[in-house]
Amino acid sequence: MIHLADLIAATGARPQSRNIPERLSRFCRNARNASPGDLYVALDAEGQRRVEQALEAGASAALCETWTGSPDAPVLTVQNPNTAIRKYAQFAIRNFGTEIIAIAGGEPDAATTALLSKILSTRFDVFRTAKPIENSSDLWLSLGGLHPGHDLALIDLSDCRPEVLEDFANAVSPRVVLLPPNAKRGGESPLHADPVGTTLAGSVQPGGHIVVSATERAAAMLKDYEGRNLITSGIDSDSRISATCIRRCRDSMEFTLSVDGNRATAHLNTQVTSEPDSAIAAAAVAAALEMDVNEIASAISATRPTPETAADDGASASVHTVNADGPVWIKIDLRAVESNVRRILEVVGRDIQLFAVIKADGYGHGAQRIAAAALRGGASGFAVSRLSEVPNLRDAGITAPIIVLGHTPPAHARWAVSADCQPTVFDRRGVDSLRRAASSMGKRLPVHLKIDTGMGRLGATPEDAPGLAEYIVGSDSLELAGVMTHLGRAGESDKTHSKGQLAVFDRALTEIRSLGIDPGIVHAANTAAAVHIPESRYDMVRCGIAVYGLDPSLESPLPGGFSPAVTMSARVAQVKKLSAGTYVSYGSAGKLERDSTIAVVGAGYGDGFRRGPNSWGPVLVRGRKARVVGNVCMEMFMIDVTDIPGVKQGDEVVLIGTQSGETLSAYEAAHRVGTISYEIITQMLPRLRDDWQSST
């Protein structure tokens, strides 16, 4: 996505009319194939003659050297379009924070690039060029598809000429360069065999990585690239990344992947690539980006062949930035989720299981991706609220146990049996419906017995619970998988009520065991209890809010080491100067007390940016706090930027998250609005959840 303000800032382009869109989807050089959203670029004299043709074909705007046509045409002029697209690409890389991964040197192998994209996309938001780069124009035009949500850009330079490599190396400092093995040189990477390897290796940023095929010569020459890390990969070798014990089957191969001595078994579909060297080279890049051996092996094993077409046009293969090209977006840091899960296990102890609570679409973060990240962090299973949430996870390949915490109506009993989940029961009617359904389907269904110990919500009474447990274990089609309760006031500083609930729970457990019944997994703790009430941990904890890096309450904060996973941002749509006494927004709440500079922001209560009962409080722009002025509208709100110089159209405004060292938390926003952080994050951007893409 190309923002007009960014394009002008990077290139000095001069708009020839006011009819140019604020956002354009990509650069385009073919006038005949231009379509709405495209910015047609006239790179030479022939292209200059085709500007009108491109606009007639549907291009939303054009970039050229001169313009003498209609003064209303959406045209920008620059001194040199070729230089302009290069400057914009450099601007995008520098300002979006996207790290560059360059592939070159071996024989062109689309399979290596495709497999690498699949592996990296399990953790990162990846931009990938639609096809190998042939010339400098291709290179800089393709990078017009970058947007601020991209963590990595995968640039395939395997087909380009040496002068293009020089241009790339002079303009970009990649974090990783992959020099794949070349069959014509017996599998050796061209680190010193030709100018391609030398040029690219020399362009790697200090502290970056050069990934090569294992050869004694390559390792010996590491001193030529001081400050860079050489990562060797190979088959049956002592490389940092290697494949051993390769066993070929009809349509796949199995091998042991080793990353710095750590091992995991991987299964490579031979329709993805039939060459294990390609998979090991891709694995080495992933290892350079700190993915561990289990992540990499799992990603390789999960990759299936897909048609590789130019229609992708650099689109992200893993979208965990939702609506990145729109006026308001959220970004989910899955690495934070993974780290938070590990931190929970450190707090409660590794002998305690963690079931991550991912109800309400993962608290609004996207349940499928949160589940995958939580598993990487060490979660044993998941808890959801409704039966309807289970298929979404199973369809994503999640095989871990899933507890349904809410009520499963008798009419849904057969669905529960077939859904591969563990329902919660609390009365005989529910037990009977599940027992009959499981028996008729020839299945044995695990269930969890819930006891109400003082919250007044779902659950059997402590007096009825032992008899209900006996009734469950007496069935030939049900299994008592666990006994649980829920603590209603664990987030309060005074833990007296919670400990009273636990005492009631323990008495019920004692009675159940006195009947000779194994209660299965015993669990009671939510996040606040898991962190602050050690005796509540039993066999397993059910943590939700901590997975997303947020405090359960002011009175029961998380310990150090947790990070919020979500950032919510919007863009400035307009900046204007208004006089003292002017009313801003609906009603009379926004009267200005002084002459002010007001920025209009493209988000509102329709996006989860709450209007009331009280004000959201400040937001961040250019790293400083700005006050909301007047009432929040459905899709816009206004902020006072009088004391923040330089605010312009297109600037990012952070509603929740961090910008230039300043942080606004969901808890702070919730406290000001008059609600809880749980409600804030589960209601953010409901319209954009439909745009969420599952990983490919």
Side-chain angles (χ1 to χ4, degrees), residues 1-16 20 23-31 34 38-48 50-51 54 59-67 75-104 127-148 150 152-175 177 195-196 199-200 202-205 208 313-314 650:
M1 178 61 67
I2 303 163
H3 292 273
L4 181 61
D6 290 344
L7 182 68
I8 293 172
T11 68
R14 298 176 296 278
Q16 301 300 299
I20 303 168
R23 291 182 297 277
L24 297 148
S25 59
R26 62 171 186 168
F27 291 128
C28 165
R29 64 186 301 180
N30 189 324
D38 286 354
L39 173 60
Y40 172 73
V41 183
L43 294 174
D44 51 26
E46 179 63 25
Q48 178 75 41
R50 293 183 178 274
V51 170
S60 294
L63 182 72
C64 56
E65 192 169 329
T66 61
W67 179 247
V75 173
L76 300 102
T77 59
V78 290
Q79 193 169 22
N80 184 318
N82 284 282
T83 301
I85 59 173
R86 186 181 194 271
K87 286 182 176 179
Y88 176 79
Q90 290 178 272
F91 172 94
I93 292 168
R94 181 174 63 252
N95 287 278
F96 297 168
T98 306
E99 298 275 11
I100 303 298
I101 313 298
I103 302 177
F127 170 90
R128 178 184 165 198
T129 51
K131 58 183 179 179
I133 303 299
E134 296 182 7
N135 53 54
S136 290
S137 296
D138 285 346
L139 174 62
W140 308 124
L141 285 168
S142 68
L143 289 171
L146 274 176
H147 67 60
H150 286 123
L152 304 173
L154 197 55
I155 312 297
D156 187 347
L157 299 166
S158 58
D159 237 1
C160 67
R161 296 189 293 270
E163 59 267 26
V164 180
L165 264 262
E166 290 285 351
D167 193 17
F168 176 85
N170 289 333
V172 178
S173 295
R175 181 175 174 184
V177 162
V196 171
T199 299
L200 276 181
S203 71
V204 173
Q205 61 184 244
D313 198 34

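Along the sequence shown, residues are numbered consecutively beginning with 1.
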**Request:** State the CG-CD1 distance between D138 and I155, to the nearest 0.5 angstrom.
**Result:** 11.5 Å

**Prompt:** Can you name the closest pair of heavy atoms from L146 and A153 and give their distance?
**Reply:** CD2-CB, 4.1 Å

**Shortest non-hydrogen contact between Y40 and A31, atoms and distance** = CE1-N, 3.7 Å

**T11 OG1 to D6 CG distance, which is reported to the nearest 0.5 Å** = 10.0 Å

Side-chain donor/acceptor pairs under 3.5 Å, residues 81-95, sequence neighbours excluded:
residue, atom, partner, partner atom, Å
N82, OD1, S137, OG, 3.3
N82, ND2, L43, O, 2.9
R86, NE, D167, OD1, 2.9
R86, NH1, Q90, OE1, 3.2
R86, NH2, D167, OD1, 2.8
N95, ND2, F91, O, 2.9

**Prompt:** Is a salt bridge present between R128 and D156, judged by a nitrogen-to-oxygen distance below 4.0 Å?
**Reply:** no

**Message:** Apply side chain to side chain contact (heavy atoms under 4.5 Å, CB included) to residues L39 and L7 and explain how you reach the verdict.
**Reply:** CA-CA 11 Å; L39 173 60; L7 182 68; 3.7 Å; yes

**Prompt:** If only atom types and distance count, is the side chain of Q48 paired as donor or acceptor with the main-chain N or O of E65 below 3.5 Å?
**Reply:** yes

**Beyond-backbone contact of V41 with R29, side-chain heavy atoms, under 4.5 angstrom** = no

**Asked** Considering all heavy atoms of both residues, which atom of P174 and which atom of S203 are nearest to each other, and what is their separation?
**Response** CD-O, 3.3 Å

**Message:** Looking at every heavy atom in both C64 and V51, which two are closest together, and how far apart are they?
**Reply:** CB-CG2, 4.0 Å

**Request:** Give, for atom CD of Q16 and atom CG of L76, the distance between the pair rounded to the nearest 0.5 Å.
**Result:** 7.5 Å

**Prompt:** Quick one: salt bridge (charged side-chain N to carboxylate O under 4.0 Å, His left out) partners of R175, sequence neighbours excluded?
**Reply:** none

**Message:** If I compare all heavy atoms of L4 with all of I20, which pair ends up nearest, and what's the gap?
**Reply:** CD1-CG2, 3.8 Å

**Asked** For E163, which residues count as a salt bridge (charged side-chain N to carboxylate O under 4.0 Å, His left out) partner, sequence neighbours excluded?
**Response** R161

**Item:** Considering all heavy atoms, the nearest Q205-E99 contact
**Value:** NE2-OE1, 3.6 Å

**Asked** Is any side-chain heavy atom of T98 less than 4.5 Å from a side-chain heavy atom of F127?
**Response** no

